[in-house]
Amino acid sequence: MSKKYYITTPIYYINDIPHIGHAYTTIAADIMARYKRICGYDVFFLTGTDEHGQKVEKAAESAGIHPKEHADRMVHRFTDLWQALNVTNTGFIRTTEERHKKVVQHIFDKVKEKGDIYLGDYEDWYCVPCETYFTELQLKEGRCPDCSRPPEKLKEESYFFRLSKYGQPLLDFLEQHRDFVLPDIRYNEVASFVKGGLRDLSVSRTSFQWGIPIPGHERHIVYVWFDALTNYLTGIGFPDDMETFGSFWPCDAHLIGKDILRFHAVYWPAFLLSYGIEPPKHVFAHGWWTIEGQKMSKSLGNVIDPHDVIKTYGVDEFRFFLFREVPFGLDGDFSKDAIVHRINGDLANDFGNLTSRSVTMIGKFLKGRIEEPEIRIGADEYVQENVMKLIGQYEKEMEVFGYHKALQCAFEIVSILNKYIDSEAPWKLAKEEDRRIKTVLYNIWNSLRIVAVLFYPFMPVRSQQIWNALGIEKPIESVIFNDEKHFRTPADIAAIDKIAPVFPRIEG
RNA sequence: GGCGGUGUAGCUCAGAUGGUUAGAGCAUGCGGCUCAUAUCCGCAGUGUCCGGGGUUCAAUUCCCUGCACCGCCA
């Protein structure tokens, strides 16, 4: 049985227009999925859409259509984007699917039977003109924080999840799984929230109808998080296909934005503990992007459409930028200058130009053939040793979502190769008819082949182009990483000649 | 108000169980090469390592305190 890896993104709210934030999480998951695949894992990569709730109900109503139809119209915004971004998800879940409804109802029932869900009253402040609920604390001097009008107190019958009971179990779990919350700077946040005491959680609503009804009490609709989080179970076949489910659960990683950490790191494991399913292994919370130094917001009109970025700069360039520019987990700023700078500096000048000069030299000086080296000196060994060392570092970083550092390792190799070419000057060796030119270009060819693999999870299309330029025709996505980590004389490759720049400079 | 974090070169950041010249990338200046996408390589820098106090033979690194900013919670 092959090794299994299960990674997820959140399910995105169907009313949202996909932006850079959605793209960020999903690409992050895709990078890991691709990486794990070339490492030999059988990967389940799940994403999807959250399609229930009052806002969807209202949007559909004003459009004069059924909420499901509304969702059907909107879902393509996400699926189209994932296609455009070359995202290789293996599953896609919509919370309006029948299979999901069954799972939510099943879990709800069981947890209720166990006594962890009970019927009570949910009290909140409701601002009629704004049509929004607020908690006592959100009110400003007893008035609506948005419009300053006095809200009404509404009491609604609601089911509650006995979260209060899970404080200690959660603390125990956190204590035993110090790497449950990643990056570790977020761990304390979660632990102190739990230590602060947990209140029971309202998990149903009667104020709207668009959702999953509670069996036997259909006036009640399962409320957002209980419905949404359960998708991670539905997506891999729970409970009908327990064989698949059992092979992928516990989930290796839920990738999320830092805004929904509490739901994933506190509520979700609590639900699972109550039901009796092991919590996931890791929840990784990443940061937020600002745009040209400003918070992204509809009112500022600076929300970025990923399709536009792709059109202007290219898919791989976009994917690359997001993880090269900012350590994964921290906040970052997306700006035109920054992405152009990265493309020109890292990709065109360093990596792209390295590829060009290497390929041209192999074509010009060796007639496009890589042969077994006859002699080898210290400089040649230095390159091999460092490439090996950096591959090892890269692997370690990838294991812990250290994408930023993993890319640094790849660029360290690029830098070593540029220096190597400079110091060994193959064009001189060619003139002098020195046999060592074969050694130098052999090393360069091999290192570049490996670097392309290191870049592959981030830039699948460009990496393939580089492989092709190196005379390798097989699809890079089907490689076994372990087989590529060695220097070797290629047995069967196409003749190597010139290539057009893989990463053209952006002028202006 | 509580808890946690951050404050290091022009910019973005790394770093040391305390100890010789505190680092990287980018930006800047100078030099070199010509295989290459006017690309690459080398050299040169500059820093009161937030302020104050303490521990120590020795602190930017540990402790206390102040200031500033950020995150989570109330």
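Side-chain atoms are counted along with the backbone in the values below, which use heavy atoms only and exclude waters and symmetry mates. Letters A, B, ... are given to chains in the order of the sequence lines, protein chains preceding strands, and every chain is numbered from 1.
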### Contacts of type salt bridge (charged side-chain N to carboxylate O under 4.0 Å, His left out), residue A:K195, not counting sequence neighbours
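So A:K195 forms no salt bridge (charged side-chain N to carboxylate O under 4.0 Å, His left out) with any residue.
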### Message
With salt bridge (Lys or Arg N to Asp or Glu O under 4.0 Å) as the criterion, how do A:R342 and A:E317 come out once you've worked through the C-alpha distance, each side chain's angles and the decisive distance to 0.1 Å?
### Response
CA-CA 9 Å; A:R342 283 295 176 193; A:E317 286 77 1; over 6 Å; no
Using atom types as modelled, flag every donor-acceptor pair under 3.5 Å from a side chain in residues 256-265 of chain A to any protein atom, sequence neighbours excluded.
from   : atom 1 : to     : atom 2 : distance (Å)
A:K258 : NZ     : A:D331 : OD1    : 3.0
A:K258 : NZ     : A:D331 : OD2    : 2.9
A:R262 : NH2    : A:Y267 : OH     : 3.4
A:H264 : ND1    : A:I260 : O      : 3.1
A:H264 : NE2    : A:Y232 : OH     : 2.7

Is there a Watson-Crick or G-U wobble partner for [N] with both distances under 3.5 Å, and if so, which one is it?
N: B:C3; result: B:G71
N: B:C35; result: none
N: B:A22; result: none
N: B:A58; result: none
N: B:A9; result: none
N: B:A27; result: none

### Query
Got a salt bridge between A:K419 and A:E424, using NZ or NE/NH1/NH2 to carboxylate O under 4.0 Å?
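Here A:K419 does not pair with A:E424 in a salt bridge, since their nearest N and O are not under 4.0 Å apart.
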### Message
Salt bridge check, A:R319 against A:D30: does any charged N sit closer than 4.0 Å to a carboxylate O?
### Response
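A salt bridge links A:D30 with A:R319.
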### Message
Strictly under 4.0 angstrom, non-hydrogen atoms only: write out the protein contact profile of nucleotides 30-42 of chain B, one letter per nucleotide from the 5' end, B, S or -.
### Response
--BSSBBB-SBSS
Euclidean distance, atom [atom1] of residue [X] to atom [atom2] of [N] [Å, nearest integer]:
X: A:W288; N: B:C72; atom1: CH2; atom2: P; value: 11 Å
X: A:I260; N: B:G71; atom1: CD1; atom2: P; value: 18 Å
X: A:D184; N: B:G4; atom1: CG; atom2: P; value: 15 Å

#### Entry: Along RNA chain B (nearest heavy atom to each residue), the more 5'-positioned of A:H404 and A:F193
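Its nearest nucleotide lies further toward 5', so the answer is A:H404.
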### Residues, nucleotides or ligands: over 12 heavy atoms within 6.0 Å of A:K405 NZ
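Not buried by this count: 12 neighbours or fewer within 6.0 Å.
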